Amino acid sequence: VAQGGGRTLKLPDFEYHSADTVADALEMLSQLGDDAKILAGGQSLIPLMAFRLSRPAHLIDINRVEGLARIQGGTGVTLGALVRHGTAEHSAITRQRTPLVTEALGYVGHAAIRNRGTVGGSIAHADPAAELPAVLMALGGEIVARSVRGIRVIAAEAFFTGFLSTDLEPDELLVELRIPGSADAEGWSFNEVSRRDGDFAVVGVAARVRLDGKGRIRSATLVFSGVGSTPVKAVEAVAVMLGELPSAQLWEEAADRGAREVDPRSDLHGSGEYRRHLVKTLTRRSLQTASCRARGSEP
Ligand SMILES: Cc1cc2nc3c(=O)[nH]c(=O)nc-3n(C[C@H](O)[C@H](O)[C@H](O)COP(=O)(O)OP(=O)(O)OC[C@H]3O[C@@H](n4cnc5c(N)ncnc54)[C@H](O)[C@@H]3O)c2cc1C
């Protein structure tokens with residue numbers, strides 16, 4: 001039974017399975033295939049089932065699987081699929097090596113959602129308005145998937161294939177996210193606008209800016225959420241900044257180009273034109289903050 005909006009909804013019938021090890025989960029996925037879904041934090045899957053938008057015949061609960069909830073540091077960060085948003089957000093390893101992830105996770109739902117929802121679930125669910133898919137793409141992260149057939153490492157840029165769709169096969173388990181760390185002289189920023197605190201964003205912008213020894217822009221990345229069926233990586237907005245000195249005028253020009261690169265649809269949460277306007281405003285803001293941080297100061 002799921003509760004929401006003051007109503008109690010009975011879930012459609014399903015058979016519950018609990019896996020103790022990754023091997024268990026892979027075996028179950030291989031046997032049950034298309035009829036099964038992994039249950040992680042349940043924060044997206046259970047509401048979808050309550051509204052009959054998903055009707056899996058089998059749920060494979062991975063919450064007891066050992067070793068999937070680890071955060072490991074190296075030059076970057078490896079987040080096990082079962083790491084909760086809140087754990088990643090408050091991890092010193094994440095903050096030190098991938099501060100963009102820390103900043104973005106603070107925007108995910110409410111504290112209660114972040115306590116339960118997992119990073120693997122967020123990536124597998126692939127909501128185009130979600131923070132983590134955009135940030136993983138901006139950081140050049142990778143998704144590690146396992147099945148009884150073997151292991152695959154998929155670049156975030158190739159992983160999100162459409163609205164709530166990914167490159168994961170029905171028998172694959174997402175086991176970890178590999179996220180490269182920040183480089184020297186690199187700044188970052190994540191900004192979003194949502195209708196109410198804790199709601200999914202209408203639009204979000206993840207930015208990275210790296211400066212060279214002369215203070216010019218050596219590289220930059222911009223990824224937008226909430227403007228298409230997947231996160232969208234800007235091309236022209238970045239090209240205009242390369243080799244230039246940071247300035248308010250440059251952010252304005254990049255923001256203009258970014259807004260022209262997207263073609264957001266209108267929906268209940270905002271018109272296409274409003275979303276385009278948000279892309280512009282949030283891009284300017286994110287670039288300004290990222291460039292400040294690249295110079296070693298906080299905005
Ligand atoms: C009120 C509310 C507000 C929210 N706001 C936000 C928000 O602002 N930003 C945001 O990003 N999210 C938001 N969420 C969603 C939340 O972050 C979810 O937790 C997350 O999207 C999915 O994670 P989960 O662990 O709950 O996954 P589940 O709900 O358990 O699963 C989601 C999907 O991913 C699949 N899956 C899960 N783990 C794996 C795995 N390891 N391998 C393969 N498939 C897997 C499941 O089969 C299912 O299809 C919100 C949710 C609610 C209820």
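When a ligand or atom number is given, it counts from 1 through the structure's own listing order. None of the values given here were measured: they were computed from a predicted structure.
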Original post:
N/O of S44 under 3.5 Å from N/O of ligand 1, yes or no?
Top reply: yes
Subject >> Location of contacts on R114 toward ligand 1, heavy atoms closer than 4.0 Å >> reply: neither
Subject >> Residues, nucleotides or ligands: over 12 heavy atoms within 6.0 Å of R84 CZ >> reply: yes
Original post:
Hey, is D199 touching ligand 1 through its side chain, its backbone, both or neither, going by heavy atoms under 4.0 Å?
Top reply: backbone
Original post:
Does any N/O atom on G117 come nearer than 3.5 Å to any N/O atom on ligand 1?
Top reply: no
Original post:
With respect to atom 23 (O) of ligand 1, which of A104, S194, G121, A124 exhibits the smallest heavy-atom separation?
Top reply: G121
Original post:
Relative to ligand 1, is I38 under 4.0 angstrom through side chain, backbone, both or neither, heavy atoms considered?
Top reply: both
Subject >> Min N/O separation L168 to ligand 1 under 3.5 Å >> reply: no
Original post:
Any idea which protein heavy atom is nearest atom 7 (C) of ligand 1, and the distance to it?
Top reply: G109 N, 3.3 Å
Original post:
Taking L139 as the fixed residue, which of T221, V223, I179, L177 is the one that meets the side-chain contact (heavy atoms from CB on, under 4.5 Å) rule?
Top reply: I179
**OP:** May I ask you to identify, for A40, whether its side chain, its backbone, both or neither come under 4.0 Å of ligand 1 on a heavy-atom basis?
**Re:** both
Original post:
Linking Ile, Leu, Val, Met, Phe, Trp and Tyr by side-chain heavy atoms under 4.5 Å, what else ends up with L32?
Top reply: V22, L26, M28, L29, I38, I60, I62, V65, L68, L82, V144, V148, I151, V153, L173, V175
